[in-house]
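Quantities reported herein were computed from a predicted structural model and do not represent experimental measurements.
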Amino acid sequence: MREGADPGRAADVADAMRELARARFLPPEQRAHAHEDRALPLWHSQTGSQPSTVAAMLRLLEVPVGARVLDVGAGSGWTTALLARLVGPDGSVLGLELDPELAAWGAGNVDACDLPWAHVATAAPGTLGRPVPGGWDRILVSAAPRSLPTVLVDQLADGGRLVIPVASTMHLVVRRGDLTEVSTHGSYSFVPLR
């Protein structure tokens with residue numbers, strides 16, 4: 001965990017991952033492998049991220065209770081549900097997935113978790129993210145662009161945090177007014193951001 005991170009929130013990440021088992025968000029043929037710390041195939045060349053990677057990203061994101069969160073590349077809906085568990089019913093989470101079939105399946109998975117403040121929707125082709133008035137408090141991206149997309153940085157609220165793997169290196173972006181602080185946090189393997 002990075003210095004200065006809230007250890008209570010890190011414990012909340014572990015609790016959320018215990019409560020919302022990965023197996024619930026995998027195709028039936030992959031559920032036997034849910035305990036394995038590796039990415040697992042979903043369909044259409046998409047994967048469900050490995051648990052240690054998801055945990056690391058969520059700890060970097062430092063999601064506060066009541067936050068408004070955007071989950072880009074929501075896939076099976078697992079990260080959307082985990083984020084919803086972290087923000088609680090006073091927050092909101094929007095998961096976006098480009099593949100319509102995967103988005104519909106992910107939406108069903110999230111709906112089955114009884115987290116009505118979280119939703120998965122199909123992303124608009126050619127559009128990254130979804131701007132909201134005042135910006136997002138947190139943005140999580142589970143696919144790797146070649147460079148840091150300023151369009152997502154611009155969607156952050158003041159004080160907001162963005163966690164994104166850029167060219168296989170995990171980046172944390174913190175927005176403070178018109179300034180952004182960018183730090184890197186290890187190498188990871190992700191499908192390309194489309």
Side-chain angles (χ1 to χ4, degrees), residues 1-2 5 9-10 13-14 16-18 20-63 69-83 86 93 95-103 105-106 109-110 120 122-123 125-129 136 138-153 155-156 161-174 180-194:
M1 179 168 48
R2 132 184 121 65
R9 294 304 335 195
V13 168
M17 292 182 79
R18 274 191 295 276
L20 295 165
R22 182 188 193 199
R24 295 169 66 176
F25 300 87
L26 292 172
E29 64 274 12
Q30 294 299 329
R31 290 180 186 153
H33 304 287
H35 67 284
E36 298 172 17
D37 192 30
R38 63 183 177 98
L40 294 172
L42 300 175
W43 54 71
H44 302 170
S45 302
Q46 301 300 306
T47 61
S49 298
Q50 66 189 76
S52 62
T53 299
V54 171
M57 294 175 78
L58 293 176
R59 287 192 302 265
L60 274 176
L61 204 58
E62 294 183 6
V63 181
V69 183
L70 177 64
D71 183 19
V72 177
S76 69
W78 188 39
T79 53
T80 303
L82 292 169
L83 289 163
L86 292 170
V93 182
L96 294 177
E97 173 56 48
L98 191 57
D99 182 303
E101 183 182 0
L102 189 52
W105 182 64
N109 290 337
V110 171
V120 175
T122 303
T127 302
L128 191 52
W136 297 98
R138 299 292 187 268
I139 300 176
L140 179 70
V141 182
S142 297
R146 294 177 190 211
S147 60
L148 182 63
T150 56
V151 66
L152 285 180
V153 176
Q155 292 177 41
L156 281 174
R161 296 168 75 92
L162 162 66
V163 172
I164 181 171
V166 178
S168 299
T169 299
M170 195 63 69
H171 285 59
L172 168 64
V173 180
V174 181
T180 54
E181 301 168 7
V182 181
S183 56
T184 58
H185 301 267
S187 296
Y188 294 86
S189 179
F190 279 86
V191 297
L193 182 65
R194 297 181 290 142

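Rounded to the nearest 0.5 angstrom, Thr80 OG1 and Phe25 CZ are separated by 8.5 Å. Here OG of Ser142 is found 10.5 Å from CD of Gln46. Values are rounded to the nearest 0.5 Å. With rounding to the nearest 0.5 angstrom, the CG atom of Leu140 is 4.5 Å from the CE atom of Met57. Here the OG1-OH distance, from Thr53 to Tyr188, works out to 6.0 Å after rounding to the nearest 0.5 Å. Expressed to the nearest 0.5 Å, how far OG1 of Thr122 lies from CD of Glu97 amounts to 8.0 Å. How far CG of Leu83 is from CD1 of Ile139: 11.5 Å, rounded to the nearest 0.5 Å.
Legend: residues meeting side chain to side chain contact (heavy atoms under 4.5 Å, CB included) with Arg146, ordered by chain and number and at least two apart, are absent. For Ser49, the side chain to side chain contact (heavy atoms under 4.5 Å, CB included) criterion is met by Val54, Phe190, not counting sequence neighbours. Considering only residues two or more places apart in sequence or on other chains, Glu101 meets the side-chain hydrogen bond (donor to acceptor under 3.5 Å, both in side chains) condition with His44. Contacts of Arg31 classified as salt bridge (Lys or Arg N to Asp or Glu O under 4.0 Å), with partners at least two apart in sequence or in another chain: none. Residues satisfying the side chain to side chain contact (heavy atoms under 4.5 Å, CB included) criterion with Thr169, sequence neighbours excluded, are His171, Thr184, Ser187. Under the salt bridge (Lys or Arg N to Asp or Glu O under 4.0 Å) criterion, Glu181 pairs with Arg176, sequence neighbours left out. Partners of Arg38 by side-chain hydrogen bond (donor to acceptor under 3.5 Å, both in side chains), not counting sequence neighbours, listed by chain and number: Glu36. Contacts of Ser52 classified as side chain to side chain contact (heavy atoms under 4.5 Å, CB included), with partners at least two apart in sequence or in another chain: Asp37, Gln50.
The backbone N or O of Leu20 lies less than 3.5 Å from a partner atom in the side chain of Trp78, making a donor-acceptor pair. No side-chain donor-acceptor contact under 3.5 Å links Asp71 to the backbone of Ala74. A donor-acceptor pair is defined here as one N or O able to donate and one able to accept, closer than 3.5 Å; such a pair exists between the side chain of Arg138 and the backbone of Leu61.
Between Met17 and Leu82, some side-chain heavy-atom pair lies under the 4.5 Å cut-off. Between Leu40 and Arg22 the shortest side-chain heavy-atom distance falls below 4.5 Å. Contact of the Leu128 side chain with the Leu152 side chain is registered, since non-hydrogen atoms from C-beta on lie closer than 4.5 Å.
Smallest separation of non-hydrogen atoms from Arg161 and Leu60: NH2-O, 2.8 Å.
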Let's go through Leu86 and Val13 carefully: what are the C-alpha distance in whole Å and the side-chain angles of both, what is the deciding distance for side-chain contact (heavy atoms from CB on, under 4.5 Å) to 0.1 Å, and is it a yes or a no?
CA-CA 7 Å; Leu86 292 170; Val13 168; 4.1 Å; yes
So Trp105 and Leu42, side-chain contact (heavy atoms from CB on, under 4.5 Å) or not? Walk me through it.
CA-CA 10 Å; Trp105 182 64; Leu42 300 175; 4.1 Å; yes
